[in-house]
Amino acid sequence: MSITVEGVAQRAPNVTDASEQAAAQPWVPMQCLQLSAGEYAGRCDVVKLNEQWAVRESQNQTVNKRGATPANLCTLSMACDVAPTMRFSQFDSTSRSQLFLLPGNSEFDVQVPGGIETLYVTFEQDRLLEDLHALNPRRWHSAPRDLQVFLVPRGLGTARSMGELFRFHDMGEGSPVSLRSVQATLKGTLLHAISSATATTTGDSPELHARRRVAHIVSAAREYIEGCLSERHLPTLAEICRVIGVSERVLQRSFREYLGLTPVAYLRIARLHRVRAELSEIPSLGKTVTGVAVAWGFLHLGNFAQDYHRLFAERPSETLRRARFGAEGQRAPIARRASVRNGPLYSSG
């Protein structure tokens with residue numbers, strides 16, 4: 001992965017790990033977890049002008065992205081295609097005509113299947129609201145409190161307009177002046193799309209109350225899990241249920257509905273990602289795969305190695321070896337990767 005922060009564009013065209021995709025977007029701190037099994041291949045293209053960012057990203061695996069927007073930074077996003085398991089927080093993404101407005105200081109939880117390209121543009125919220133208020137003073141008298149979804153007319157070509165910024169730069173016409181012109185056109189298109197929306201749904205609408213409760217349960221459980229893992233404590237299901245105040249049955253149903261995983265499977269995936277992150281660090285003398293695996297609660301090393309290989313399409317020893325070669329300034333040998341079925345991590349132990 002190669003990222004240049006200076007200038008008008010930065011690219012991560014060969015992302016090999018979900019965490020690299022998150023790291024390529026530091027203005028919106030997020031955690032990105034790979035959920036489906038197999039070798040990871042993604043890209044993240046960014047065009048920057050002043051304090052505004054436009055992002056085009058895709059990957060071949062299902063990912064879950066979770067984080068929060070900073071104060072006074074909002075995003076407008078769309079997907080170039082849809083899939084049954086695609087979701088933006090409590091909203092299912094069921095149409096390519098959906099435009100999502102996520103205000104500043106808002107949490108998000110996005111699930112994107114492999115093969116789906118997504119686009120988003122950041123805005124300084126106060127300035128965007130000034131423009132929206134000028135178009136519709138009654139509707140935009142105050143900042144939105146939560147995620148909003150606009151169903152925009154297909155004839156507007158909103159996603160195509162969002163992608164134009166990247167195509168313009170790809171053609172070698174990416175000077176600050178020319179990109180600024182495309183940026184202004186894009187902003188006008190997005191404002192027109194919002195004002196022309198045939199339907200608007202807010203994140204706190206009554207019909208989404210049940211889905212919001214499920215999202216709240218899963219979010220609280222994940223917050224607790226991540227907090228425990230940060231302290232190298234491995235929580236049990238009973239502990240999670242007691243802390244967030246739900247039964248095991250409710251917890252299981254909520255995770256399956258919201259993430260398509262059991263709580264145990266999610267916890268195992270989260271631990272595998274922690275192992276991978278530690279093995280990928282510049283290794284200290286004496287670091288071993290066994291030591292790292294046991295530290296993260298994997299006591300059956302045979303099952304651990306199988307699950308690690310199934311999820312990341314490489315052996316844990318290969319991850320550690322690549323980190324060691326990188327620390328020594330050498331190029332790690334490319335290992336022949338076995339065929340790995342693309343699908344969920346089924347182990348629940």
Side-chain angles (χ1 to χ4, degrees), residues 16-19 21-22 30-40 59 61-66 85 87 109 111-114 214 217-244 246-281 288-320 338 340-349:
T16 59
D17 189 90
S19 62
Q21 204 151 323
M30 72 176 77
Q31 176 195 59
C32 189
L33 292 182
Q34 174 183 342
L35 298 185
S36 61
E39 182 176 0
Y40 193 93
Q59 64 286 318
Q61 301 294 343
T62 297
V63 295
N64 182 267
K65 297 185 292 184
R66 185 166 170 262
T85 57
R87 174 180 52 75
D109 186 332
Q111 193 145 313
V112 185
V214 168
I217 291 171
V218 174
S219 177
R222 293 178 70 182
E223 286 285 350
Y224 182 71
I225 289 171
E226 293 300 327
C228 288
L229 294 182
S230 295
E231 298 177 359
R232 288 186 176 271
H233 168 63
L234 308 180
T236 64
L237 275 186
E239 187 179 337
I240 296 169
C241 289
R242 183 175 65 252
V243 168
I244 67 174
V246 298
S247 68
E248 181 182 359
R249 181 179 178 182
V250 170
L251 186 70
Q252 294 275 6
R253 186 174 66 243
S254 298
F255 264 78
R256 287 186 181 277
E257 178 180 334
Y258 202 65
L259 292 177
L261 297 167
T262 66
V264 170
Y266 173 80
L267 180 56
R268 193 171 186 85
I269 288 174
R271 288 157 55 212
L272 287 170
H273 275 273
R274 295 275 179 155
V275 170
R276 183 173 175 82
E278 192 165 331
L279 293 178
S280 299
E281 294 173 350
T288 65
V289 169
T290 298
V292 175
V294 171
W296 288 106
F298 295 102
L299 304 183
H300 194 301
L301 297 180
N303 287 347
F304 157 73
Q306 290 177 3
D307 283 346
Y308 189 98
H309 183 262
R310 184 181 298 118
L311 183 58
F312 300 119
E314 70 175 8
R315 297 175 180 84
S317 58
E318 293 172 339
T319 306
L320 182 60
V340 178
R341 180 178 58 176
N342 187 344
L345 190 68
Y346 291 103
S347 175
S348 60

query = Taking it one step at a time, do F304 and V275 satisfy side chain to side chain contact (heavy atoms under 4.5 Å, CB included)?
reply = CA-CA 10 Å; F304 157 73; V275 170; 3.8 Å; yes
ask   = Pairs in or reaching into residues 217-228: which pass side-chain hydrogen bond (donor to acceptor under 3.5 Å, both in side chains), with residues at least two apart or in two chains?
value = Q31-E226, N64-R222, R66-E223, D109-R222, R222-Y266, Y224-E239, E226-Y266, E226-R274
task = Test side chain to side chain contact (heavy atoms under 4.5 Å, CB included) on L234 and L229 and set out the steps.
result = CA-CA 6 Å; L234 308 180; L229 294 182; 3.7 Å; yes
inquiry  = If the condition is side chain to side chain donor-acceptor pair (under 3.5 Å), which residues does Q59 pass it with, not counting sequence neighbours?
reply    = Q21
note = Here the pair of heavy atoms bringing A22 nearest to C32 is CB-CB, 3.8 Å
ask   = Of T288, V289, L299, which is the lone residue that meets side-chain contact (heavy atoms from CB on, under 4.5 Å) with V294?
value = L299
remark   = Distance col, row D307:CG vs R271:CZ, nearest 0.5 angstrom, shows 9.5 Å
query = Between the side chain of Q61 and the main-chain N/O of E39, is any donor-acceptor distance below 3.5 Å?
reply = yes
task = Could you check if a side-chain atom of N303 sits within less than 4.5 angstrom of a side-chain atom of Q306, using non-hydrogen atoms only?
result = yes
inquiry  = Tell me every residue that passes ring pair (Phe, Tyr, Trp, His ring centres under 6.0 Å) with Y258, counting only those two or more places apart in sequence or in another chain.
reply    = none
inquiry  = According to side chain to side chain contact (heavy atoms under 4.5 Å, CB included), who are the partners of A220, at least two apart in sequence or on a separate chain?
reply    = I244
request  = Answer yes or no: is there a donor N or O on one side and an acceptor on the other, between the side chain of S36 and the main chain of T62, under 3.5 Å?
outcome  = yes
query = Quick one: salt bridge (charged side-chain N to carboxylate O under 4.0 Å, His left out) partners of R249, sequence neighbours excluded?
reply = none
request  = Please assess F298 against L272 for the test side chain to side chain contact (heavy atoms under 4.5 Å, CB included), listing each intermediate value before the final yes or no.
outcome  = CA-CA 9 Å; F298 295 102; L272 287 170; 3.7 Å; yes
message = I'd like to know if the side chain of R310 reaches the main chain of A37, judged simply by a donor and an acceptor atom lying under 3.5 Å from each other, with no hydrogens or angles considered.
response = no
request  = Measure the CZ-CG distance between R315 and L320 for me, rounded to the nearest 0.5 Å.
outcome  = 14.5 Å
task = Dump the intermediate steps for side chain to side chain contact (heavy atoms under 4.5 Å, CB included) on H273 and F312, then the final yes or no.
result = CA-CA 9 Å; H273 275 273; F312 300 119; 3.8 Å; yes
ask   = So, the side chain of Q111 versus the backbone of T85: is there a donor-acceptor pair under 3.5 Å, distance only?
value = no
inquiry  = Distance check, rounded to the nearest 0.5 Å: L267 atom CG versus T236 atom OG1?
reply    = 9.5 Å
query = What is the distance from atom CD1 of I217 to atom SG of C241, rounded to the nearest 0.5 Å?
reply = 10.0 Å
message = Any non-hydrogen side-chain atom of T262 less than 4.5 Å from a side-chain atom of R256?
response = yes
Taking every non-hydrogen atom, the tightest pair across P235 and I240 = CB-CG1, 4.1 Å
request  = Name all residues meeting the side chain to side chain contact (heavy atoms under 4.5 Å, CB included) criterion together with S19; count only those two or more places apart in sequence or in a different chain, and write none if there are none.
outcome  = D17
remark   = With sequence neighbours left out, the residues meeting side chain to side chain contact (heavy atoms under 4.5 Å, CB included) with S280 are R276, T319
